[in-house]
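In what follows, every heavy atom counts, from backbone to side chain, and hydrogens, waters and symmetry copies are set aside.
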Amino acid sequence: MKKKAVALKYDKEKNQAPLVSAKGEGKTAQKIIQLAKENGVPLKKDEDLVELLSKVELDKEVPPQMYKAIAEVFSFIYSITRKE
């Protein structure tokens with residue numbers, strides 16, 4: 001099974017929900033992960049969520065039915081960044 005990755009972007013001034021800003025599998029997924037690490041962007045491994053988010057079109061907001069899962073990701077990121 002190929003590795004998959006999805007990147008989210010959220011600007012509370014412009015969007016009601018996070019956007020899918022990048023997605024891909026194989027080499028593209030590796031590049032997304034590499035760029036995130038190089039830029040200090042927190043990573044969360046969740047294969048089921050990546051599978052769902054990969055169905056969202058690029059530059060489109062995450063649909064409301066995914067808000068709970070996305071809130072868990074943001075909570076995870078907040079807990080990591082708060083420790084640093």
Heavy-atom side-chain contact between I33 and L43 under 4.5 Å: yes

Please check if the side chain of D46 supplies one atom and the backbone of L49 the other of a donor-acceptor pair under 3.5 Å. yes

Do the side chains of K3 and E25 get close enough for a salt bridge, i.e. N-O under 4.0 angstrom? no

Contact between K31 and K27 at the side-chain level, heavy atoms closer than 4.5 Å - yes or no? no

CD on E51 to OG on S54, rounded to 0.5 Å: 4.5 Å

Short question: side chain of E61, backbone of Q16 - any donor-acceptor pair under 3.5 Å? yes

Find out if a path of hydrophobic residues (ILVMFWY) with successive side-chain heavy-atom gaps under 4.5 Å connects V62 to F76. yes

Is there a continuous path of hydrophobic side-chain contacts, each under 4.5 Å between heavy atoms, that joins V73 to L53? yes

How far does CG of N15 sit from OH of Y10, to the nearest 0.5 angstrom? 7.5 Å

Applying side chain to side chain contact (heavy atoms under 4.5 Å, CB included) between L8 and each of I77, V20, V41, report the one that passes. V20

Is it the case that more than 12 heavy atoms not belonging to E38 sit under 6.0 Å from its CD atom? yes

Please find the pair of heavy atoms, one from V50 and one from A5, that lie closest to each other, and give the distance. CG1-N, 4.0 Å

Nearest heavy-atom neighbours spanning K60 and V56: O-CG1, 3.9 Å

When you compare the side chain of D48 with that of L52, does any pair of heavy atoms fall below 4.5 Å? no

Between Q34 and Q30, a side-chain donor and acceptor under 3.5 Å: no

Would you call K23 and L58 a side-chain contact if the rule is heavy atoms closer than 4.5 Å? yes

Taking CD in Q65 as the centre, count heavy atoms belonging to other residues, nucleotides or ligands within less than 6.0 Å. Is the count above 12? yes

Atom NZ of K9 with >12 non-hydrogen neighbours under 6.0 angstrom: no

